[in-house]
> 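Just passing along the structure, written as structure tokens.
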Amino acid sequence: MACKARVALAWGDYETCAELCKEIMDMKTYSLYEDYGQLFREKAYTCETIWALPNSYAYEQTQAIKSFVSRTAGGNITAQPSWDLLAAYECTDGKVIDESPLFDPHDPFKNRDPRCAETFVVPGTTIYGVVFDPHPDTKTVLKDGVEVENKDNKTSKNPYAAFNGCCLRKGAQEEWKVGQYNENPLIIIRYADVLLMYIEALNEYNPANPDILTYWNMIRHRAGVPAIGTGEDEVYPEIIGDKDLQRKYIRRERMVELC
């Protein structure tokens, strides 16, 4: 049903998409997992998993993750989250970076939507036992407490440092540095996707429906960012009921939630 809803949304059959999503929601079988970051580190299916491909070390069915692991930790970091994605996250006040006074271009990870630091490795933090720091002046970093050559900046002799200075944190676990494989389920569709498909489809033919804000704010509440609404601590009251604006903001929500 979720797959059919996704196809219906892509084909512009919005009412079918919304009906399918609402039927899934009314089943009460699925719910949002409490911790966004931990969701991607779980080895078992969770309350949010609708469809995933299972993996298992024991059955030699795994996913190679070497391309996501930093060079200093032994990976090749050829796959990184993008700067466009980094720019898409709101600040903690709910405003985008070109509108928020909280945004600091010299420290772009500060005061951001918590999903940002669960997707990107924030420079200066530890991952796989290595302090990740792509700054060109950082020649050495600590690895398991020992000072080693920093292979994750472009001035090192290593030609394969991340071209944009970014590294993926989502799903990362210490065990990934051993063998460069992981046995976590590969999530294809989860409940958050169904909620976002529902509100995007609903917006196309009934943009004033209160369900849009109800289920949208469920996603935002789990993420830890301000709700959309007209209340004192809520944001974007000007978009409510405006089909074009809501579509724009819903799609940005999809980008940072599902990337």
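These numbers come from a predicted model, not from an experiment.
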> Under the side-chain contact (heavy atoms from CB on, under 4.5 Å) rule, what do Cys91 and Asp113 come out as? Steps first, then yes or no, please.
CA-CA 5 Å; Cys91 291; Asp113 179 334; over 6 Å; no
> Between Met25 and Tyr191, is any pair of side-chain heavy atoms under 4.5 Å apart?
yes
> Should the heavy atoms of other residues, nucleotides or ligands under 6.0 Å from CZ of Phe109 be counted, would the total exceed 12?
yes
> Under the criterion salt bridge (charged side-chain N to carboxylate O under 4.0 Å, His left out), I'd like the reasoning laid out for Asp244 against Arg247: C-alpha separation, chi angles, the key distance, then a yes or no.
CA-CA 5 Å; Asp244 292 336; Arg247 182 193 306 116; 3.2 Å; yes
> Would Asp93 and Ser100 count as having a side-chain donor-acceptor pair, cut-off 3.5 Å?
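Asp93 vs Ser100: donor-acceptor pair found between side chains.
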> Please round to the nearest 0.5 Å and tell me the distance separating atom CH2 of Trp216 and atom CD1 of Ile250.
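Output value for this atom pair is 4.5 Å.
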> Can you hop from Leu258 to Val194 via hydrophobic side chains spaced under 4.5 Å?
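Yes, Leu258 and Val194 fall within the same hydrophobic cluster.
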> What class does the angle between the rings of Tyr198 and Tyr215 fall in, given that below 30° is parallel, 30 to 60° is tilted and above 60° is perpendicular?
perpendicular
> Under 3.5 Å, is there a donor on one side chain and an acceptor on the other for Asp152 and Thr72?
yes
> Tell me whether Met197 is reachable from Val7 by hopping between hydrophobic residues (I, L, V, M, F, W, Y) whose side-chain heavy atoms are closer than 4.5 Å.
no
> Can you tell if the side chain of Leu53 reaches within under 4.5 Å of the side chain of Ile188, non-hydrogen atoms only?
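Leu53 reaches Ile188 side chain to side chain.
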> Do Leu39 and Glu34 have side chains that get closer than 4.5 Å, going by heavy atoms?
no
> Can any side-chain N or O of Tyr45 pair as donor or acceptor with the backbone N or O of Ala52 at less than 3.5 Å?
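A pair under 3.5 Å: yes.
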> Is it true that Thr16 and Lys4 share a donor-acceptor pair across their side chains at a distance under 3.5 Å?
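No donor-acceptor contact under 3.5 Å links the two side chains.
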> Locate the shortest heavy-atom distance separating Ala88 from Met255; write the atom from each residue and the value.
CB-SD, 3.8 Å
> Mind listing the closest non-hydrogen atom pair of Cys166 and Phe132 along with its distance?
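That would be C-CZ, 4.2 Å.
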> Would you please test Asp211 and Ile199 for side-chain contact (heavy atoms from CB on, under 4.5 Å) and show each step?
CA-CA 7 Å; Asp211 271 6; Ile199 64 173; over 6 Å; no
> Answer yes or no: is there a donor N or O on one side and an acceptor on the other, between the side chain of Lys139 and the main chain of Pro136, under 3.5 Å?
yes
> Could you go through Arg222 and Asp35, starting from their C-alpha distance and side-chain angles, then the distance that decides it, and tell me whether this counts as salt bridge (charged side-chain N to carboxylate O under 4.0 Å, His left out)?
CA-CA 7 Å; Arg222 193 265 296 273; Asp35 186 322; over 6 Å; no
> With a 6.0 Å cut-off (strictly less than), is the heavy-atom count around CD of Glu238, excluding the residue itself, greater than 12?
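Yes, the 6.0 Å shell around CD holds more than 12 heavy atoms from other groups.
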> Quick one: salt bridge (charged side-chain N to carboxylate O under 4.0 Å, His left out) partners of Asp144, sequence neighbours excluded?
Lys177
> Yes or no on side-chain contact (heavy atoms from CB on, under 4.5 Å) for Thr119 and Tyr89, after CA distance, side-chain angles and deciding distance?
CA-CA 11 Å; Thr119 304; Tyr89 291 94; 3.2 Å; yes
> Side chains of Asn203 and Gln246: any donor to acceptor distance under 3.5 Å?
yes
> Which heavy atom of Leu102 sits nearest a heavy atom of Asn111, and at what distance?
O-ND2, 3.4 Å
> Could you measure the distance from the CD1 atom of Ile50 to the CD1 atom of Ile187? Nearest 0.5 Å is fine.
10.5 Å
> Just so I know, are the side chains of Gln38 and Arg41 near enough to count as touching, which here means a heavy-atom distance under 4.5 Å?
yes
> Taking atom types as modelled, find out whether Thr140 and Glu147 have a side-chain donor-acceptor pair closer than 3.5 angstrom.
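Side chains of Thr140 and Glu147: pair found under 3.5 Å.
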> Could you walk me through whether Glu90 and Arg112 pass the salt bridge (charged side-chain N to carboxylate O under 4.0 Å, His left out) check?
CA-CA 6 Å; Glu90 298 170 1; Arg112 302 297 295 278; over 6 Å; no
> So if you build clusters from Ile, Leu, Val, Met, Phe, Trp, Tyr with side-chain heavy-atom gaps below 4.5 Å, do Leu213 and Tyr14 land together?
yes
> For the atom pair CZ (Phe40) and CG (Leu186), what is the distance rounded to the nearest 0.5 Å?
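The distance works out to 11.5 Å.
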> Do any pairs count as a side chain to side chain donor-acceptor pair (under 3.5 Å) and have a residue in residues 162-175, sequence neighbours left out, and if so which ones?
Tyr36-Lys170, Lys43-Glu175, Tyr57-Glu175, Thr125-Arg169, Gln173-Asn184
> State, to 0.1 Å, how close Tyr128 and Ser70 come at their nearest heavy-atom pair, and which atoms those are.
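Minimum heavy-atom separation between Tyr128 and Ser70: CE1-N, 4.3 Å.
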> For Thr78 and Asn76, does a side-chain donor sit closer than 3.5 Å to a side-chain acceptor?
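Yes, side-chain donor-acceptor contact under 3.5 Å.
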> Using modelled atom types only, decide if a donor and an acceptor are shared between the side chain of Arg220 and the backbone of Val225 within a distance under 3.5 Å.
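Between the backbone of Val225 and the side chain of Arg220 there is no qualifying donor-acceptor contact (under 3.5 Å).
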> So does Glu257 pair up with Arg115, basic N to acidic O under 4.0 Å?
yes
> Is there a donor-acceptor pair closer than 3.5 Å between any side-chain N or O of Glu23 and the backbone N or O of Glu19?
no
> Is there a side-chain contact between Gln63 and Tyr181 in this structure, where contact means two heavy atoms from C-beta onward sitting under 4.5 Å apart?
no
> Taking Thr49 for the side chain and Trp51 for the main chain, is one N or O donor matched with an acceptor at less than 3.5 Å?
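Not a single qualifying donor-acceptor pair exists.
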> Are any of the side-chain heavy atoms of Pro123 and Pro134 separated by less than 4.5 Å?
yes
> Short question: side chain of Asn217, backbone of Ile228 - any donor-acceptor pair under 3.5 Å?
yes
> My understanding is that only one of Val146, Asn150, Thr126 makes a side-chain contact (heavy atoms from CB on, under 4.5 Å) with Val141; could you say which?
Asn150
> Check whether any side-chain N or O of Glu48 sits under 3.5 Å from a backbone N or O of Tyr33 as a donor-acceptor pair, and report yes or no.
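Answer holds: yes.
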> Show the nearest heavy-atom pair for residues Glu99 and Lys95, with the distance to one decimal.
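Taking Glu99 first and Lys95 second, the nearest heavy atoms are O-CD, 4.0 Å.
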> Would you mind reporting whether Tyr236 and Leu245 have side-chain heavy atoms less than 4.5 Å apart?
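No; the side chains remain at least 4.5 Å from each other.
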> Looking at every non-hydrogen atom in both residues, tell me the closest pair between Cys17 and Leu9 and how far apart they are.
SG-CB, 3.8 Å
> Does the side chain of Lys248 reach to within under 4.5 Å of the side chain of Ile239, using non-hydrogen atoms?
no
> Which is it for Lys66 and Ile77 under the side-chain contact (heavy atoms from CB on, under 4.5 Å) test, yes or no, and what are the steps along the way?
CA-CA 7 Å; Lys66 191 179 182 74; Ile77 203 169; over 6 Å; no
> Is there a donor-acceptor pair under 3.5 Å between the side chain of Asn153 and the backbone N or O of Thr138?
yes
